[in-house]
4 protein chains.
Amino acid sequence: MKPAYSEKRLQLLDTAERLFSEKGFDGTSVRDIAEEAGINTAMISYYFGSKEKLMEAIFEERSLNVREKVDLLLKDDSLDPLQKMYRLLDEYVEKIMQRKKFHRILLCEQVINQNPIIIEMLAKIKSRNLSSINDVIRLGQKKGLFKKQVDVPMMMNTLIGTISHMLVNLDFYKAYHHLETLTDEEFEKTLKKKLSAHIKIIFKAILSHES
Amino acid sequence: MKPAYSEKRLQLLDTAERLFSEKGFDGTSVRDIAEEAGINTAMISYYFGSKEKLMEAIFEERSLNVREKVDLLLKDDSLDPLQKMYRLLDEYVEKIMQRKKFHRILLCEQVINQNPIIIEMLAKIKSRNLSSINDVIRLGQKKGLFKKQVDVPMMMNTLIGTISHMLVNLDFYKAYHHLETLTDEEFEKTLKKKLSAHIKIIFKAILSHES
Amino acid sequence: MKPAYSEKRLQLLDTAERLFSEKGFDGTSVRDIAEEAGINTAMISYYFGSKEKLMEAIFEERSLNVREKVDLLLKDDSLDPLQKMYRLLDEYVEKIMQRKKFHRILLCEQVINQNPIIIEMLAKIKSRNLSSINDVIRLGQKKGLFKKQVDVPMMMNTLIGTISHMLVNLDFYKAYHHLETLTDEEFEKTLKKKLSAHIKIIFKAILSHES
Amino acid sequence: MKPAYSEKRLQLLDTAERLFSEKGFDGTSVRDIAEEAGINTAMISYYFGSKEKLMEAIFEERSLNVREKVDLLLKDDSLDPLQKMYRLLDEYVEKIMQRKKFHRILLCEQVINQNPIIIEMLAKIKSRNLSSINDVIRLGQKKGLFKKQVDVPMMMNTLIGTISHMLVNLDFYKAYHHLETLTDEEFEKTLKKKLSAHIKIIFKAILSHES
DNA sequence: GATGAATGAGGGTTCATTCAT
DNA sequence: GATGAATGAACCCTCATTCAT
């Protein structure tokens, strides 16, 4: 359980992340992971201690933290509050799309809450990020640009829910808009642009006075 | 495998739905289900053929179909297109909140795509409901009240994503707004109202010209 | 884990007792037991719950209890205290020789104390039997035939130690006395006679005044 | 596998002896031993070749050999045969109590006969010591002080059986006689005295004519 | 029609050992 | 000479399912 950043450890993390995102935690066996990673089964216990702790390691290494981004935005005097919020939304879209597999796992694990350590980690992440966003919103409210009454967790539901749900509907969405001819990169770029624009409209409506 | 609507069968369906929603399909054993339902383990194979077919039965009996609702709305001349859309959104909120457990299962199963029969069922439901909603939107567009260019699947992502994500954040949301003192019914009623209002703002912004 | 006295259960108990006595608890795998019993591996969990509980079941079914024998002896007016004690010694020799395999297990398990349930069972059995024997000894002391100061646990050590140690030296003993030509039954009969006579000499010396 | 008497080797031997005596050979893993000895796991194979050979090394270093003691006794003209025998019994008590852990291992290993090399070693030790004791007994017989017919292996069973069995009942014995207040050394001294006296009574009865 | 007994496959984990350094 | 990394085998147990009744 010792070596922290060996190549095999990273390989196991990547393979596990992929398989968990495809078949779920309980639907993936350690033998599956080890075989696909081309590594001996016993190495999972060796590196991580157990299958559960492997999952925890994935969470530790992949979880999204927007605190730094928010701090940068708050300091940036060249942006008005709505623009700051837009940048933050882009950050969410970007980061979640960058870590599709992990966020698919996250989606399921929030439902199938079993591992108390992961429950704890999720709670912390959620609170932390919510609080960061609150800082941006309060700024807009102070400047009189945002509505006084904003249900921030509800707003976050829409933000995360929209992006996450897109993750499980990627193929459907691609087919609907006949985007199969695009390369993966092109599609991804297009999708991020669409998501970003879509969410900005939503947030502007939610945050602004005029409704 | 014969009896179609015996009491035991319904009991198994309910128990399985609950356990699948709490622990996932792979995390739930047929023993768990049978024990909690107070029924012999062999009965699951007996009534449904297999654990997988039990899952399929749950999907068959719980899937949301909005076609009828849409047909009624389209015929109702007393409502303008936006009102029709609002009614439809309320229908979604109402139905998903009514079937929380099933929609938690649905959330995971869309990620953990394993059973081809369920994949097929999901695809059909999605297309069917999308097409129904499209009918309402086209009506609004014809009357010049809705924007010409609406990304309907993206809009649906936000609708379903927002409601679904609320399902996995219920406790967090309740705690954040200090609603623990409410009874379950009161909280549910409050939540549906908030969800409904929130989503209407979003849809109005998305469908209207003014952005 | 339900059926209490099925044939397969008994077969598993017998096979496990034999293998545990030959290779020890940790040296015997559930596969070994199941294979030799001609029964599926899963049946051990099915009948007993676990390998440990199988061991506990063996202890429950095979443990020696001399209370009844002692009660009969105490009531029997035709025997003097030393004769009563002799009968009790014969009972020990007889019962332990009858259950050689179990007592070999017992021998090891007293050393390798791991399972708390078995530790508890052993403590109870030891106390119970010690107390029963004490009753016989007190009778002899009351009648002035036995020494006042007898270290009963020490005496029991010699009784159990002598018989138990013979169990692990059977082959050596047989070879030393050139008894290989005897049938198993003949050898066993001879051995029990020798053990019995030997132990009686010892106990007479320990209990009588004249030392 | 080279260094014969390095410090680490001795540390491994001691730790292994302790763990084998507490949890048995099969119940102790090489990891356990290495960890508790503060030494790398691979060292066990390195120093001893294998776990089995580590056990053999323990037997080689700890086995009791009374030949020398017997030779000294035979030469000592100041002692009569019974006194010589008493001295020999004290030697047994002393040596076995000195090496409690090893003799607990021995107790189990005689039952769980798996390693042929150890079986062989045990047979040799047993024969050697038996033959040594025989020398003392024959002397007593020649002088007409001991019975002609003595079942020496049976007598050894009682000797070894009594001491060994005390090893597994130490705590019980201490509690029974309320000796918990004694220090370890005091208790050990007391116990050896009691054992010694007890066994001498027994041997006198077995060896003398008067029964 | 309904069920307890039984099964073979596979689950996660730990084992003693060996290899490359 | 000494060690951390890695291995394949085996561990006990639980799985979904089927069979005999």
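Here is how names work: the chains are called A, B, and so on, in the same order as the sequence lines, proteins then strands, and each is numbered from 1.
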> Could you run through nucleotides 16-21 of chain E and give me one letter per nucleotide, 5' to 3': B if any protein heavy atom sits under 4.0 Å from the base, S if only the sugar-phosphate is that close, - if neither?
BBB---

> Could you note down all residue pairs passing ring-ring contact (aromatic ring centres under 6.0 Å, His included) where residues 12-32 of chain C supplies at least one of them, sequence neighbours left out?
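Checked against ring-ring contact (aromatic ring centres under 6.0 Å, His included) - neighbours excluded - the pairs reaching residues 12-32 of chain C are F20(C)-F25(C).
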
> Taking NZ, NE, NH1 and NH2 as the nitrogens, is one of them in D26(A) or K23(B) under 4.0 Å from a carboxylate oxygen of the other?
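Answer for the salt bridge query: no.
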
> Pick the closest DNA chain F nucleotide for K8(D) and for K8(A) by heavy atoms, then say which residue is nearer the 5' end.
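Counting from the 5' end, the first nearest nucleotide belongs to K8(D).
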
> Send over the distance from L12(C) CG to dC13(F) P, rounded to a whole Å.
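The answer, rounded to whole Å, is 13 Å.
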
> What integer distance in Å separates K53(C):NZ from dC13(F):C1'?
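It is 12 Å, rounded to the nearest whole Å.
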
> With no hydrogens and no angle check, is any side-chain donor or acceptor of S21(A) less than 3.5 Å from a backbone partner on R18(A)?
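Confirmed, S21(A) side chain pairs with R18(A) backbone.
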
> Does the S45(D) side chain pair with the main chain of A42(D), one donor and one acceptor, at a distance under 3.5 Å?
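Judged by distance alone, no pair lies under 3.5 Å.
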
> Find the distance I33(C):CD1 to dC11(F):P and express it as a whole number of Å.
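Answer to the nearest Å: 11 Å.
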
> CD of Q11(D) versus P of dA2(F): gap in Å, rounded?
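Whole-Å distance recorded here is 13 Å.
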
> So does L19(C) get a backbone contact from the side chain of T28(C), meaning a donor-acceptor N/O pair under 3.5 Å?
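Yes, because the side chain of T28(C) sits within donor-acceptor range (under 3.5 Å) of the backbone of L19(C).
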
> Give the rounded distance in Å between these two atoms: CG of D32(C) and P of dC12(F).
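Spelled out: CG on D32(C) to P on dC12(F) is 8 Å.
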
> Rounding to a whole Å, what distance do you find between M43(D):CE and dA5(F):C1'?
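Distance check: M43(D) CE to dA5(F) C1' gives 16 Å.
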
> For a stem of at least 3 consecutive Watson-Crick or G-U pairs with distances under 3.5 Å, i pairing with j, i+1 with j-1 and so on, which stems involve DNA chain F?
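Listed by first number, the stems are E:2-21 with F:2-21.
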
> Would you kindly give the CD1-to-C1' distance between I39(A) and dG12(E), to the nearest whole Å?
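Taking CD1 of I39(A) and C1' of dG12(E), I get 17 Å after rounding.
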
> Do the side chain of D14(C) and the main chain of Q11(C) share a donor and acceptor less than 3.5 angstrom apart?
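No: the side chain of D14(C) does not pair with the backbone of Q11(C).
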
> Round to the nearest Å and state the distance from R9(A) atom CZ to dG4(F) atom P.
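After rounding, the reported distance stands at 18 Å.
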
> Rounded to the nearest 0.5 Å, how far apart are CZ of R104(D) and CD of E109(D)?
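The CZ atom of R104(D) sits 15.0 Å away from the CD atom of E109(D).
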
> Does atom CG of D171(D) have more than 12 heavy-atom neighbours, drawn from other residues, nucleotides or ligands, at distances under 6.0 Å?
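No, because the 6.0 Å sphere around CG of D171(D) holds 12 heavy atoms or fewer from other groups.
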
> Hey, is R9(A) close enough to E61(A) for a salt bridge, meaning N to O under 4.0 Å?
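Salt bridge between R9(A) and E61(A), a charged N being under 4.0 Å from a carboxylate O: yes.
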
